[in-house]
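These notes are about the structure you will find just below.
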Amino acid sequence: CPLIPRSGRAAGLGPAGSSGREGFMANFTTHIAVGTVVSGAFATLTLAADLVAPENIVAVTLAGVLGSILPDIDLRDSRASKMMFAGLGIFFSFAALFHSAMNYSIAELWIIWLGTLGLVRYGGHYVFSKASVHRGIWHSLVAGIFCAAATAIIFSRVLHRPDGVAWLAGGFMLVGYIVHLALDEIYSVDVMDTRIKSSFGTALKVIDKRYPYASVAMVAAMAGAILLAPPTRMFVEGVQSEGLWSELHDRLLPRESWFGLIAAHRTAARSEAVTTGSITSAPAAEMPARGGTDSQAAASGGSAETIEQQP
């Protein structure tokens with residue numbers, strides 16, 4: 001009978017029909033859930049290594065969670081886009097209010113505050129959504145690096161955090177950003193129907209060759225943000241310090257028991273298994289055994305000060 005389709009696909013039924021696989025993609029909930037898990041895992045490592053003070057880890061972790069949804073700001077009706085422009089509107093409206101507080105009356109200040117809020121939240125969002133394309137240049141590694149550098153600038157100049165903490169937040173932002181792009185690519189592969197969707201390759205890319213002008217503008221913005229960002233020396237030295245990796249090695253598994261219930265079996269103690277490398281071999285041979293151990297412990301425990309203190 002010609003009125004009855006021969007396959008469920010044609011009628012939107014069956015395995016690849018009304019199940020909506022073509023539209024099955026990582027949504028806001030998926031992105032923020034995975035981003036939170038990844039950021040939490042890195043935050044755990046950061047705390048275990050004593051890389052930053054506990055009061056800074058919350059803001060740094062939130063930067064990673066924000067990065068996991070930020071690429072979707074080019075989608076007009078996405079929550080990420082609305083949240084970002086709402087946040088920008090609040091920030092710039094209060095900045096305009098505080099800047100003009102001594103020059104205008106209360107009624108005029110209300111107009112300035114509300115006008116700036118509406119202009120950025122709705123006007124800026126409208127212009128941005130018209131000028132951008134979903135899965136365009138914002139779904140690229142160049143955009144991720146730009147956002148990471150911008151995060152470091154905000155942490156350093158607005159929140160007045162040390163340079164090392166600022167770039168740690170930038171690193172979390174970049175990790176979250178890449179997680180978002182990777183999820184989009186993973187969801188572009190339909191494993192159940194053994195096919196690759198047309199969206200494959202549009203998320204995880206260096207630049208967007210389809211829009212060369214937008215790509216050039218983003219590269220320029222990335223370069224400018226890197227130039228304005230704080231120095232990376234403190235962050236690089238903190239991450240490369242052998243004391244940090246020694247601390248992670250020591251705290252990877254419990255020393256005596258799991259949660260005080262199950263006995264843990266460790267092959268060697270920290271002082272025997274890992275040396276920090278902060279003390280040269282010649283002076284170490286001349287030192288008494290206890291003095292060398294104390295020096296190594298001091299060196300391995302100084303990673304938080306390395307990344308937190310300003311030069």
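The shown structure was predicted, so the numbers you read here are calculated from the model rather than taken from an experiment.
Remark: the backbone N or O of Val236 is not paired with any side-chain donor or acceptor of Trp167 at under 3.5 angstrom. Distance alone, capped at 3.5 Å, places no donor-acceptor pair between the Gln240 side chain and the Glu237 backbone. Not a single donor-acceptor pair under 3.5 Å links the side chain of Ser39 to the backbone N or O of Thr36.
By the 4.5 Å heavy-atom criterion applied to side chains, Leu204 and Asp184 are not counted as neighbours. Residues Ile73 and Leu70 are in side-chain contact: their nearest non-hydrogen atoms beyond the backbone lie under 4.5 Å apart. Taking the side chain as every heavy atom from C-beta outward, Ile226 and Ile145 approach each other to under 4.5 Å. Proximity of Leu141 to Leu181: side-chain heavy atoms (C-beta onward) are separated by under 4.5 Å at one or more points. Asp163 has its side chain within reach of Ser156: a pair of non-hydrogen atoms, C-beta onward, lies under 4.5 Å apart.
With values rounded to the nearest 0.5 angstrom, Glu55 atom CD is found 8.0 Å from Arg161 atom CZ. A distance of 9.5 Å separates NE2 of His99 from CD1 of Ile112, quoted to the nearest 0.5 Å. Separating the OG atom in Ser140 from the CZ atom in Phe146 is a distance of 11.0 Å, to the nearest 0.5 Å. With rounding to the nearest 0.5 Å, the separation of OG in Ser100 from CD in Glu108 is 10.0 Å. In this structure, Leu227 CG and Met222 CE are separated by 10.0 Å, a value rounded to the nearest 0.5 Å. Going from atom SG of Cys147 over to atom CD1 of Ile154 covers 9.5 Å, rounded to the nearest 0.5 Å.
Annotation for Val34 and Leu183: closest pair CB-CD1, 3.7 Å, computed over non-hydrogen atoms. What you find for Ala150 and Ala225 is that their closest heavy atoms are N-CB, 4.4 Å. Across all non-hydrogen atoms, the minimal contact from Thr46 to Phe172 is OG1-CZ, 3.7 Å. Contact record, Thr151 with Ala63: CG2-CB, 4.3 Å, taken as the closest heavy-atom pair. Ala59 and Phe155 make their closest contact through O-CZ, 3.6 Å (heavy atoms, listed as atom of the first residue, atom of the second, distance). The shortest heavy-atom contact between Ile207 and Ser215 is CB-OG, 3.9 Å.
No path of Ile, Leu, Val, Met, Phe, Trp and Tyr side chains, each step under 4.5 Å between heavy atoms, connects Leu159 with Leu228, placing them in separate hydrophobic clusters. The hydrophobic clustering, which links ILVMFWY residues whose side-chain heavy atoms are closer than 4.5 Å, places Phe98 and Leu119 apart. Under the 4.5 Å side-chain contact rule for hydrophobic residues, Val206 and Leu174 share a cluster. Residue Tyr104 is grouped with residue Trp113 when hydrophobic side chains (ILVMFWY) are merged at heavy-atom distances under 4.5 angstrom, including chains of intermediate members. A single hydrophobic cluster is not seen to contain both Val158 and Ile153; linkage of ILVMFWY side chains at heavy-atom distances under 4.5 Å, directly or through other members, places them apart.
Around the CD1 atom of Ile106, the shell of radius 6.0 Å holds no more than 12 heavy atoms that belong to other residues, nucleotides or ligands.
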Subject >> Residue pair Phe235, Leu168: steps toward the side-chain contact (heavy atoms from CB on, under 4.5 Å) verdict >> reply: CA-CA 7 Å; Phe235 173 73; Leu168 183 65; 3.8 Å; yes
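Aromatic pair Trp138/Tyr177: ring centres not closer than 6.0 Å.
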Donor-acceptor pairs under 3.5 Å, side chain of residues 83-92 to any protein atom, not counting sequence neighbours: which ones?
none

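Side-chain polar atoms of Asp208 and His139 form no donor-acceptor pair below 3.5 angstrom.
Checking Leu117, Leu109, Leu114 one by one against Leu97, the side-chain contact (heavy atoms from CB on, under 4.5 Å) holds for a single residue, Leu109.
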